Amino acid sequence: MQEHRLPDLSGVTGEVRMRLAPSPSGPLHVGHSRMAILNDEYVRRYGGKLFLRIEDTNPANIDLDAYHLIPEDLEWLEVKVHEIVVQSKRMSVYYKEAKKLIERGSMYICECDQPVFKNYKLHSEACPHRDRSPEENLDKFEKMISGGFSKGTVSAVVKTDLNHPNPSIRDWIAFRVKEETHPLTGKTYFAYPMMNFSVAVDDHYLDLTHVIRGKDNLSNTEKQSYVFQYMGWKKPHYYHYGLVHIPGTILKTSIIKKGIRDGTYSGWSDIRLGTLLTMKRRGYRPETFRKYWVASGMREIDSEFSWEIFNSINREIIDPGARRLWFVPNPVQLKIEGGIDLKSSAPFHPGNPALGDRTYNLGSDPDIFIPEKDWAYIQENERFRLKDLCNVIRTHTGIRYSDNSHDDLKKVKIVQWSPSGSSDFKVEKPDGAVDTGKIEPLFSGVKGVSQFERYGYVNIDPEKNVGYFLH
RNA sequence: GCUCCGAUAGUGUAGUCCGGCCAAGCAUACCGGCCUUUCAAGCCGGCGACCCGGGUCCAAAUCCCGGUCGGAGCACCA
């Protein structure tokens, strides 16, 4: 893989200060890894600080485990976080800044019903509360944050431009009342900031120089810029990368959570999911994520995630250490007739002799296993090779030893096999399928990712006679 | 519908800001060959792209306009 290099950031005057801002709804998945890697790459390039800011201002959408799972995921990804900031611990800051905005006449308290307010905006009209005095707004805001309003009856709104072509940017909501218990702060707060408000305030307080995020935030950037403008704050440089569609895996936290609850999935690292936990379990390496996302760059084009390329990067990393093993899915048991004493010796890695060999003395007329799938295509009287063992001929009833010539290896079908003392082994695949079969006895000394010959790379869990299919 | 963004081979990208070194580089996939006791890895070779139409210019993948297609956002999620 060619070494790609991310473009330089503009406006760098020394060290940079950047952030990762996930919401704690669950652990990170492949999609999240992009923003983490991209930000980390730049902080490494220029030096500076990378903040992990946990955006937990919506108590309805928080998973307590995420508070530790996210930092763990990042650590695994080798993303260096310098400081963790939790938004729910900064509520007083948001309140303080909101009051400033109110005093300046840039924020008001609206008591319209939701659909009514929406309708005003749609028609570029001011709602009846828009021109209240700062004093009245301040009173209402105090009442709001001290629990004097119930959910849905009130909101704090940032004044923007009622004639803005994008209706969502016209007078956007900055605070609303939430009655759910917050997993961290409990019932302490009644009014929570909306993402666009807390993000603007924190990006300023953290003195960020650059913000890199997905282009789904394009209109958020515009909303947030009003706060920067009213406060006279200096804006960071923004970059928005295109959206990536990641095919063939399950990423949506809400779906995963539901699946875990109803027993569809075994947990956050269920083999079918696209969480980092799952990918780690399957044997993907953190360097793979880094290389892939750096190669993908930062352009605003939407793209399709390529498992093909991702896997190829990963293969390059893991192959040198991946021991070759014989795994026989759906085994057929056969006796090699002919009365010949048979012995097999094969390297754990043909390109890396240092990893040693595995040797089996089979004796004469041994029983072995071969894949049913291969057996089905072998004709009677056909001669084929058991890899690293000998050539055999299919007879009317089974197989018979033929010879051990290496002369026509290119012409003859070569099949993997495993000796009669093999263990039962299961491979769980990302599509939910499970292959059961036999694995050669010496697998027990092998840890981590190995290559099952003619099958694929598998991450072995030595405790359980189970492997997780990698690619 | 409205607002915004984008468009380079099957896929992922480099180049686009500051037009010429791009008859377009790389990776992956695919095809062929070599090597190899794997449908793994490696080596060599090959196939394959600037969305369309105008304009500016000596010169356009690169700048401008129009179109087409794709994507995102759309208001008490982050």
Side-chain angles (χ1 to χ4, degrees), chain A residues 1-5 7 10 21-25 54-58 60-62 87 110 112-115 117-122 151-157 164-178 191-196 198-199 213-223 240 242-245 253-254 291-292 294-297 299-313 315-316 319-320 322 324 326 344 346-347 349-352 385-391 404-406 408-410 412-416 451-457:
Chain A
M1 186 98 194
Q2 187 200 0
E3 287 308 318
H4 285 259
R5 190 173 193 273
S10 61
S23 70
S25 52
I54 303 211
E55 309 216 322
D56 57 348
T57 52
N58 179 7
N61 184 32
I62 296 173
Q87 289 195 315
C110 168
C112 295
D113 280 345
Q114 226 178 105
F117 182 68
K118 203 182 264 191
N119 201 45
Y120 281 123
K121 283 176 58 165
L122 208 52
K151 184 178 177 173
T153 60
V154 68
S155 59
V157 179
H164 194 286
N166 183 350
S168 82
I169 292 175
R170 299 173 194 156
D171 283 26
W172 51 268
I173 292 175
F175 286 85
R176 79 297 208 195
V177 172
K178 282 278 176 184
Y192 291 88
M194 297 290 290
M195 171 261 205
N196 277 308
S198 50
V199 163
R213 52 181 175 179
K215 76 177 196 187
D216 48 322
N217 284 300
L218 241 18
S219 64
N220 289 325
T221 300
E222 201 176 342
K223 290 183 194 179
H240 300 92
L243 258 91
V244 194
H245 173 243
T253 308
S254 54
K291 282 192 175 167
Y292 185 86
V294 168
S296 296
R299 304 209 308 162
E300 278 189 27
I301 344 164
D302 302 327
S303 61
E304 180 91 353
F305 184 85
S306 171
W307 287 101
E308 209 171 78
I309 290 175
F310 191 75
N311 288 343
S312 137
I313 296 171
R315 178 160 46 233
E316 210 172 283
D319 184 78
R324 271 55 175 169
W326 287 317
S344 162
H349 196 302
N352 187 358
R385 180 160 184 85
L386 300 171
K387 188 169 183 278
D388 296 306
L389 180 61
C390 65
N391 302 317
N404 198 13
S405 161
H406 296 181
D408 50 3
L409 288 172
K410 282 183 192 72
V412 86
K413 185 176 175 66
I414 298 172
V415 184
Q416 87 273 30
Q451 188 202 99
F452 290 3
E453 294 198 34
R454 301 181 69 238
Y455 180 81
Y457 293 88

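Note: hydrogens, waters and symmetry copies are ignored here, and every other heavy atom, side chains too, is used. Since this is a predicted model, take the numbers as computed values, not measurements. Residue numbering restarts at 1 for every chain, and letters A, B, ... go by the order of the sequence lines.
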Report the nucleotide, chosen from [options], that has the shortest atom-to-atom distance to any side-chain atom of [X].
X      : options                : answer
A/I309 : B/rC76, B/rA78, B/rU28 : B/rU28
A/E453 : B/rU28, B/rU38, B/rA40 : B/rU38
A/P167 : B/rA40, B/rC2, B/rC77  : B/rC2
A/K118 : B/rC39, B/rA78, B/rA75 : B/rA75
A/R315 : B/rG10, B/rA41, B/rC77 : B/rA41
A/K387 : B/rA75, B/rC77, B/rU37 : B/rU37
A/E300 : B/rG6, B/rA40, B/rA72  : B/rG6

Centroid separation A/Y292 to A/F305 less than 6.0 Å: yes
What is the nucleic acid contact for [X], judged by heavy atoms within less than 4.0 Å: base, sugar-phosphate only, or nothing?
X      : result
A/T57  : sugar-phosphate
A/N220 : base
A/C112 : base
A/K223 : nothing
A/D171 : nothing
A/Q416 : nothing
A/I173 : base
A/F452 : nothing

Side-chain donor/acceptor contact of A/K121 with base of B/rA75 under 3.5 Å: yes
Donor/acceptor link under 3.5 angstrom from A/E308 side chain onto base of B/rG10: yes
Could you tell me the separation between the [atom1] atom of [X] and the [atom2] atom of [N], rounded to a whole number of Å?
X      : N      : atom1 : atom2 : answer
A/K215 : B/rC4  : NZ    : P     : 14 Å
A/F305 : B/rU13 : CZ    : P     : 11 Å
A/Y292 : B/rA14 : OH    : P     : 12 Å
A/I414 : B/rA40 : CD1   : P     : 12 Å
A/R324 : B/rU37 : CZ    : P     : 14 Å
A/D319 : B/rU38 : CG    : C1'   : 11 Å
A/N166 : B/rC5  : CG    : P     : 11 Å
A/L122 : B/rU3  : CG    : P     : 13 Å

Taking the [atom1] atom of each, how far is [N] from [M], in whole Å?
N      : M      : atom1 : result
B/rA7  : B/rG15 : P     : 12 Å
B/rA41 : B/rG48 : P     : 25 Å
B/rC50 : B/rG42 : C1'   : 33 Å
B/rG19 : B/rG55 : C1'   : 15 Å
B/rG53 : B/rG71 : P     : 23 Å
B/rC34 : B/rA40 : P     : 16 Å
B/rA72 : B/rA78 : C1'   : 15 Å
B/rC43 : B/rU36 : C1'   : 12 Å

What closest approach, in Å, do [X] and [Y] show between heavy atoms, and which atom pair accounts for it?
X      : Y      : answer
A/P320 : A/H349 : O-CD2, 3.5 Å
A/A322 : A/R324 : O-NH1, 2.9 Å
A/A60  : A/K178 : CB-NZ, 4.4 Å
A/N217 : A/M195 : OD1-CE, 3.6 Å
A/C390 : A/N404 : CA-OD1, 3.6 Å

Expected output: side-chain A/R213 to main-chain A/H240 donor-acceptor under 3.5 Å: no
Presence of [X] side-chain N/O under 4.0 Å of [N] phosphate oxygens OP1/OP2:
X      : N      : result
A/R176 : B/rC77 : yes
A/Q114 : B/rC76 : yes
A/S168 : B/rC2  : no
A/K413 : B/rU38 : no

Watson-Crick or G-U wobble partner of B/rC74, both distances under 3.5 Å: B/rG1
Whichever of A/S219 and A/S306 has its nearest RNA chain B nucleotide further upstream toward 5': A/S306
Given A/V415, A/L409, A/D408, the one that forms side chain to side chain contact (heavy atoms under 4.5 Å, CB included) with A/R385: A/L409
